[in-house]
Amino acid sequence: MKAILLAAGKGTRISRKISNIPKSLVDIKGKPLILRTIEMLKQNKIDVSVILGYRRELFLEILDEVKVYYNPFFILLPIV
């Protein structure tokens, strides 16, 4: 089985609460949410791929054992 995690958005609805980081990088008990999700999937023998966009450099620092793809159509638009 395979899973595709979408981590390409800004998370604008929650951004006021999490200080300019993607919501999937929010710390939950000392670990980013996306890493917790990846660990749970891998424990169940699910192959994980992650699609990145906004602030991809932050994800690349922590994602080392999963396939990572970049959305080349990601465009940073101003918050209205």
Side-chain angles (χ1 to χ4, degrees):
M1 191 174 299
K2 296 182 181 187
I4 299 172
L5 302 179
L6 304 176
K10 285 188 66 175
T12 55
R13 290 174 289 187
I14 194 171
S15 64
R16 291 177 188 88
K17 307 267 187 204
I18 60 171
S19 71
N20 201 28
I21 63 167
K23 63 185 167 203
S24 51
L25 291 178
V26 169
D27 187 278
I28 307 293
K29 295 184 180 180
K31 190 176 288 190
L33 178 60
I34 195 164
L35 287 183
R36 290 186 168 282
T37 304
I38 290 168
E39 286 175 0
M40 286 189 286
L41 291 167
K42 285 186 165 198
Q43 286 172 357
N44 288 287
K45 308 218 183 315
I46 297 173
D47 184 37
V48 181
S49 296
V50 181
I51 310 297
L52 300 177
Y54 175 68
R55 305 289 308 264
R56 72 179 174 182
E57 70 281 357
L58 297 176
F59 290 93
L60 294 175
E61 293 174 6
I62 63 167
L63 298 178
D64 55 353
E65 295 184 17
V66 296
K67 295 174 200 141
V68 176
Y69 299 93
Y70 176 65
N71 173 8
F73 301 107
F74 175 78
I75 300 171
L76 183 57
L77 299 174
I79 297 174
V80 180

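Worth saying up front: this structure is predicted, and the values here are computed from it rather than measured.
Hydrophobic side-chain contacts under 4.5 Å tie Ile4 into a cluster, directly or through other members, with Leu6, Ile51, Tyr69.
Looking at heavy atoms from C-beta onward, Pro32 lies out of side-chain contact with Phe59 at the 4.5 angstrom threshold. The shortest side-chain heavy-atom distance between Val66 and Leu5 does not fall under the 4.5 Å cut-off.
Taking CG from Leu35 and OG from Ser24, the interatomic distance works out to 9.5 Å, rounded to the nearest 0.5 Å.
Residue pairs meeting the side-chain hydrogen bond (donor to acceptor under 3.5 Å, both in side chains) criterion with at least one partner in residues 32-47, sequence neighbours excluded, are Lys31-Glu39, Asp47-Lys67.
For the side chain to side chain contact (heavy atoms under 4.5 Å, CB included) criterion with Val48, the lone passing option out of Ile34, Leu41, Leu63 is Leu41.
Contact detail for Val50 and Ala7: the closest heavy-atom pair is CG1-CB, 4.1 Å.
Under the 4.5 Å side-chain heavy-atom criterion for Ile, Leu, Val, Met, Phe, Trp and Tyr, Ile62 and Met40 are members of distinct hydrophobic clusters.
Residues passing the side chain to side chain donor-acceptor pair (under 3.5 Å) test with Asp27: none are found, sequence neighbours excluded. Every residue meeting the side chain to side chain donor-acceptor pair (under 3.5 Å) condition with Glu57, not counting sequence neighbours, appears here in chain and number order: Arg55.
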